[in-house]
Protein chains: 2
Amino acid sequence: MLRLSKLTDYAVVVLTRLEEAEEGGVLTAPGLAAATGLGEPTVAKVLKILSHAGLVEGRRGAAGGYRLARPLAAMPLTEVIAAIDGPIALTACVDNSIGLCDAEATCPVRGRWDPVNDAIRRALSGISIADLARVPAVVPHPEVVAAE
Amino acid sequence: MLRLSKLTDYAVVVLTRLEEAEEGGVLTAPGLAAATGLGEPTVAKVLKILSHAGLVEGRRGAAGGYRLARPLAAMPLTEVIAAIDGPIALTACVDNSIGLCDAEATCPVRGRWDPVNDAIRRALSGISIADLARVPAVVPHPEVVAAE
DNA sequence: TGAAATCAGGACCCGATTGGTACGGATTGC
DNA sequence: GCAATCCGTACCAATCGGGTCCTGATTTCA
């Protein structure tokens, strides 16, 4: 279905909620779980991943919590997807993976997915998390390519 | 990983091989399996899906086989993906799925993925299967957005 | 100094989806 | 009528993702 993981969806939710914290303030994982309605362990997992990717900053201790490393407007969607779902690549036959495919000799599209990946990266790089949270500032084209 | 299924990859391989058939000629599923190096049942499955989607035409009987319904240049990648992976939608929270999400009331990005989906559809609709099979006629932009 | 609160990192299990296979039926040509 | 092929469906196994839990490190506060 060309889907991305639920964790990415949760990440956007959590990041959006984090932006509502006052300047310099931090929100705890349990607090974010309660605010978003998601499970507490799941929210903690998402925050750990985002922290590892440098998108949020965690502060340990009694008065610890998380805060955004950057404003959401400066956080492209590609970074969140890359942090959780890994590098954006549609198939396993990319990234110069030579020798991994048994049908390598006869595969006519070997390495040809690159333009597709680039097109997707290009399309996604222009969208920030702030664009998802606020009013739909994107969607300039009304015509939608019918995909079944 | 934002991946699409292997079946879609196989479909592109099979479609590319199908185009090499002479005008009006058909290729059988076993023949295509041998030519592509893929498993025969798997190729048959892919062909059945593509036939159902109207991308290839099957002809039954002793001298039967498959042939392309259209030239690959007139076959956008979106149709192949939609045929095999289903409609292009990144998350389950799209398509006006009201009432399916338990965190619906507190979810701040509900329905906000639409611009993302549209952007991807738009990016993919400009790529045909022929673009994947032939020389890289696409990739006009040298700058690549680094995605980790 | 000790206790409590919180993040950090990893291991683990269960369910769902996908990849791959198999079988019976329908259709066509010889 | 027989053989070859496509068609539709059902089925099984393996992989992957979602979700949970546990232990340790760090910070604050009494």
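Letters A, B, ... are given to chains in the order of the sequence lines, protein chains preceding strands, and every chain is numbered from 1.
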Checking contacts here: which listed nucleotide ([options]) is nearest the side-chain heavy atoms of [X]?
{"X": "A/K48", "options": "D/dC21, D/dC7, C/dG19", "result": "D/dC21"}
{"X": "A/A62", "options": "C/dA4, C/dA8, C/dG29", "result": "C/dA4"}
{"X": "A/R60", "options": "C/dG25, D/dG24, D/dA4", "result": "D/dG24"}
{"X": "A/T28", "options": "C/dG9, C/dT6, D/dG8", "result": "C/dT6"}
{"X": "B/P30", "options": "C/dG19, D/dC6, C/dT6", "result": "D/dC6"}
{"X": "B/P41", "options": "C/dC7, D/dT20, C/dT21", "result": "C/dT21"}
{"X": "A/T42", "options": "C/dT28, D/dG19, D/dT9", "result": "D/dG19"}

**OP:** Examine A/V26 and A/V56 and state if one hydrophobic cluster contains both, with Ile, Leu, Val, Met, Phe, Trp and Tyr joined whenever side-chain heavy atoms are less than 4.5 Å apart.
**Re:**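 Unlinked, A/V26 and A/V56 end up in two clusters.
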Original post:
Across the strands shown, which category fits B/L47 at heavy-atom distances under 4.0 angstrom: base, sugar-phosphate, nothing?
Top reply: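 Nothing, no heavy atom under 4.0 Å.
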Original post:
What is the nucleic acid contact for A/A44, judged by heavy atoms within less than 4.0 Å: base, sugar-phosphate only, or nothing?
Top reply: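 The residue A/A44 makes no contact with any strand.
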Original post:
For A/S51 and C/dA8, is the shortest distance between a side-chain N/O and OP1 or OP2 below 4.0 Å?
Top reply: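 Yes, because at least one side-chain N or O of A/S51 sits under 4.0 Å from OP1 or OP2 of C/dA8.
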**OP:** State whether A/Y10 places a side-chain N or O below 4.0 Å from either non-bridging phosphate oxygen (OP1 or OP2) of D/dG19.
**Re:**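 Yes, A/Y10 has a side-chain N/O under 4.0 Å of OP1/OP2 on D/dG19.
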Subject >> Electrostatic pair B/R70-B/E79, nearest N-O below 4.0 angstrom >> reply: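 A salt bridge is present here (some side-chain N lies under 4.0 Å from a carboxylate O).
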Original post:
With the threshold set at 4.0 Å, does a side-chain nitrogen-carboxylate oxygen contact exist between B/K6 and B/D9?
Top reply: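 Salt bridge between B/K6 and B/D9, a charged N being under 4.0 Å from a carboxylate O: no.
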Subject >> Nearest-nucleotide comparison on DNA chain D, the residue closer to the 5′ end among B/L27 and A/G39 >> reply: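 Result: B/L27.
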Original post:
What's the NZ-C1' distance between A/K6 and C/dC14, to the nearest Å?
Top reply: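 Spelled out: NZ on A/K6 to C1' on C/dC14 is 14 Å.
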Subject >> Upstream residue (5' side of DNA chain C) when A/K45 and A/G64 are each assigned their closest nucleotide >> reply: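 The residue whose closest nucleotide sits nearer the 5' end is A/G64.
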